[in-house]
Amino acid sequence: MKKEKREKLLLSMNLIDEKYIDEADGKQAIAPFNWRKFVALAACFAVVLVGVGVGVGMLQQPDEEPIPEHLLAYADSEYFSVIRKLDAYYAAQVETDGDQFLSKDPVDESGTDYGITDNQVKGVTEGDLIQRSDRHIFYLTDEALNVYSIAGEDSEQVGSYPHSPSVMDPQTTVERMRVYDAEFYLSEDCKTATLITVWYYVGLRRFETDIVSLDVSDPTHIVEKNIVHLNSGYVSSRLVDGTLLWIGSYTPKDTPDYSDVTTFIPQIETDRGSVCVPMEGIVAPDELTSATYTVLCMLDEETLTLKDSAAFLSYSSDVYVSRQNVYATRTYTDVQSQDTTTTTTTMTEITGVSYQGNALNWIGSVSIDGSVKDQYSLDEHNGILRAVTTTAVTKAGNDEEGRRFQSSQTNASLYCVNLSTWKVIARVKNFAPEGETVQSVRFDGDAAYVCTAEVRTFTDPVFFFDLSDPKKITYTDTGTIQGYSTSLISFGDGYLVGIGVGDTGDSVKLEVYRESKDGVESVCSYEVDNAWYSTDYKSYLIDRKNQLIGLGINEMNYYPDTAYYHLLDYRDGQLTQITKVRIKGPTQLSRVRSVYIDGYFYMLCDEQFVVVPVDLTGTDQ
Amino acid sequence: MEDKLIVDLYWERSEAAIAETEKKYGKYCHTVASRILQSEEDVAECVNDAYLAAWNAIPPHKPQKLSTFLGKLTRNLALNRYFHDHAEKRFAPTELILHELEEVLPDPASEDVADEIALKDAINGFLASLPQNTRVIFVRRYWHLSDIKEIARDLGLTAGNVKVILHRTRLQFKAYLEKEGIEL
């Protein structure tokens with residue numbers, strides 16, 4: 001007993017605050033306090049302060065915007081300032097095509113799907129750890145794809161397709177371990193599960209992906225049908241009308257052998273052999289900022305036959321998929337020098353690829369200021385691509401006195417791009433308080449909700465944009481609210497739920513907002529102190545029909561054995577906890593999944609399967 | 001490469017994240033693990049497990065300081081391995097540290113159950129009350145698992161000084177835990 005307690009005490013040293021660990025992580029002897037040196041330094045500091053106070057008043061840096069790419073050719077013209085103003089004026093006008101956007105009936109391309117996963121785009125299914133049919137729940141653990149019956153308190157596991165967590169690869173004899181990035185899909189007829197498994201090759205430090213098609217028509221006897229192997233790590237995927245879009249990440253070796261394409265080009269391995277992404281399918285800028293490819297493959301869901309592939313070299317993993325197109329993003333910096341001042345602006349290039357038919361076709365590119373946070377920062381609606389970015393501009397140089405200066409500004413901007421011409425037709429620049437960055441975005445038809453925040457102070461406003469008329473984009477906001485949201489969820493009827501942190505950054509906070517004529521107002525909130533949560537959107541239960549929200553919350557500590565799943569309902573202007581289920585750990589909150597079915601709440605996390613009867617008529621359980 | 005850029009690579013799910021982590025912190029993780037585990041093979045395996053654990057944890061985590069984050073991961077993995085694999089035979093340096101900590105265990109008469117929240121507050125509250133030198137010595141010994149001679153050398157003290165400081169601090173820690181009503 002004593003031995004276990006002292007071991008526990010040694011392990012509990014992990015509770016030491018990081019600041020003390022950092023303090024002790026040094027090789028320098030801690031010198032005794034030197035009073036004479038302190039007094040001398042204090043005197044010098046006082047002199048410097050006075051000098052800076054005089055100097056600051058003399059610094060008057062003009063607020064210059066970076067030069068757009070299409071105007072660079074005219075930068076030396078004596079009329080450049082006029083050119084710039086005219087260009088800005090014409091750019092603010094909507095193209096004549098804009099009118100037809102206004103006359104179209106609105107098409108709801110965003111919102112929920114009917115499955116458990118709250119897909120970003122209706123009809124574009126995202127892979128997940130959980131799926132269901134009318135009789136079974138399928139859940140993917142690190143060890144297996146498990147199948148459970150939907151039978152209330154009599155629910156039980158009825159089938160399983162096991163993996164081994166660590167195996168020796170028979171071909172290379174190198175040990176490989178499965179990582180947590182796996183997801184799967186269930187076909188519409190619920191007979192086929194498409195499983196995506198990511199492997200990490202220990203020693204080689206390389207990731208590869210297997211896509212496995214399983215016959216789950218009899219959950220008690222799951223059979224493997226087909227398999228495809230890719231030499232890339234997994235980023236994301238989508239299932240649209242029987243076509244699987246797989247998105248991966250591939251980085252060549254540090255010193256590729258250019259006589260061997262397999263050392264620097266992504267490959268796809270099927271039972272028919274290995275193929276490289278064709279040259280015509282590779283998109284790359286003139287100057288690379290990284291050697292990583294974002295790889296895109298189109299596969300038939302049933303047979304896993306490869307239809308087409310493409311790769312975006314030097315792109316990031318922020319990919320948005322609409323009903324027709326895949327949009328890949330690449331962040332880079334645009335550096336402009338004028339006199340002694342260098343202005344560095346973060347830019348994003350968005351490239352669109354159509355996946356209609358059986359082929360991937362490049363459709364266009366556009367560059368906008370700033371960087372996107374994630375897939376939710378982009379949205380395609382009625383032929384317009386909308387994007388919200390965090391803009392960042394840094395200026396450095398010498399002032400008039402010859403002193404070195406550097407200043408940075410961040411803000412948020414919204415852009416609308418006409419997908420027929422790939423030109424920016426509307427923009428709202430720098431709409432947030434200076435210094436804030438985009439924390440979450442949600443597009444919902446003609447509306448956009450954006451949460452920005454000054455992260456150090458844990459405050460945010462939430463902005464509501466009316467995008468119904470690109471000629472007249474209007475927006476309102478909540479004003480400064482304590483805490484900020486990392487995910488925004490539209491609940492319909494003008495209601496929005498934000499999931500994020502509270503005002504100290506040490507609490508988890510859910511907040512309901514409502515759009516009103518005076519702006520966006522907070523309706524109610526639910527907060528758990530001394531807690532943290534997963535920012536993985538798929539780990540949240542979003543049940544609009546039953547007005548339910550659920551998420552896992554770790555009430556303290558990095559290794560959670562005090563994690564709970566909080567199930568809340570939104571009713572009568574209140575967020576109320578219906579039930580709270582202990583999550584057995586240690587586990588990752590990002591792996592928790594749940595669903596409400598006919599009076600029962602089902603929660604799954606790794607090997608844990610819990611069924612709780614839930615009464616939604618208003619009484620507590 | 002800056003920590004922020006390495007963390008960005010994890011968020012982008014780029015394999016380069018692990019390569020860069022190994023380049024910058026491989027030696028550090030190896031040092032942390034080797035203070036606990038005896039065999040070089042176990043140390044290497046533990047470090048690899050730490051890289052994989054980091055990959056699985058980021059996102060959603062976004063550590064500000066990667067060295068501390070990786071150090072914690074490696075330390076815990078190594079300790080768990082040590083306790084699991086060497087129940088009977090102990091690696092002398094780790095066993096010595098465990099033996100030292102016996103002094104901190106409260107008397108068995110107390111029946112209060114340790115609460116992890118209270119324990120964290122107690123540990124950090126205690127550390128905040130210490131002079132900096134003493135705190136550094138304590139954390140170096142029981143978090144970084146540093147050798148006494150190494151601590152003495154780095155802080156310009158004798159090994160004897162460090163031993164006395166550690167002994168007194170352990171007694172103070174025990175009294176602090178008892179006052180807070182915490183039992184393990």
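Throughout, a chain's letter reflects where its sequence line sits, starting with A, and its residues are numbered from 1.
- For A/Tyr533, the ring-ring contact (aromatic ring centres under 6.0 Å, His included) criterion is met by no residue, not counting sequence neighbours.
- Taking a 6.0 Å sphere around NZ of B/Lys163, one finds it holds 12 or fewer heavy atoms contributed by other residues, nucleotides or ligands.
- Taking both residues in full, the closest heavy atoms of B/Phe173 and A/Met13 are given as CE2-CE, 3.9 Å, listed atom of the first, atom of the second, then distance.
- Heavy atoms of B/Asp8 lying under 4.5 Å from chain A are absent altogether.
- In terms of the ring-ring contact (aromatic ring centres under 6.0 Å, His included) criterion, residue partners of B/Tyr176 (sequence neighbours excluded) are, by chain and number, B/Phe126.
- Formation of a donor-acceptor pair under 3.5 Å by the B/Asn124 side chain with backbone atoms of A/Ile16 is not found in this model.
- For chain A, the nearby part of B/Leu145 is the side chain; its heavy atoms alone come within less than 4.5 Å.
- Minimum heavy-atom separation, A/Ile21 to B/His144: O-NE2, 3.3 Å.
- Atom-to-atom distance recorded for B/Thr68:OG1 and A/Asp22:CG is 3.5 Å, nearest 0.5 angstrom.
- For an aromatic pair to be called close, the ring centres must be under 6.0 Å apart, and B/Trp143 with A/Tyr20 fails this.
- Salt bridge status for A/Glu18 with B/Lys65: absent, with no side-chain N to carboxylate O gap under 4.0 Å.
- Between B/Val139 and A/Glu23, the closest side-chain pair of non-hydrogen atoms is not below 4.5 Å.
- Taken to the nearest 0.5 Å, the CG atom of B/Leu9 stands 7.5 Å off from the OG1 atom of A/Thr292.
- The closest side-chain heavy-atom distance from B/Glu12 to A/Asp318 is not below 4.5 Å.
- For the atom pair OG (B/Ser14) and OH (A/Tyr293), the distance works out to 13.0 Å, reported to the nearest 0.5 Å.
- Both the backbone and the side chain of B/Ala128 come within contact range of chain A, with heavy atoms under 4.5 Å apart.
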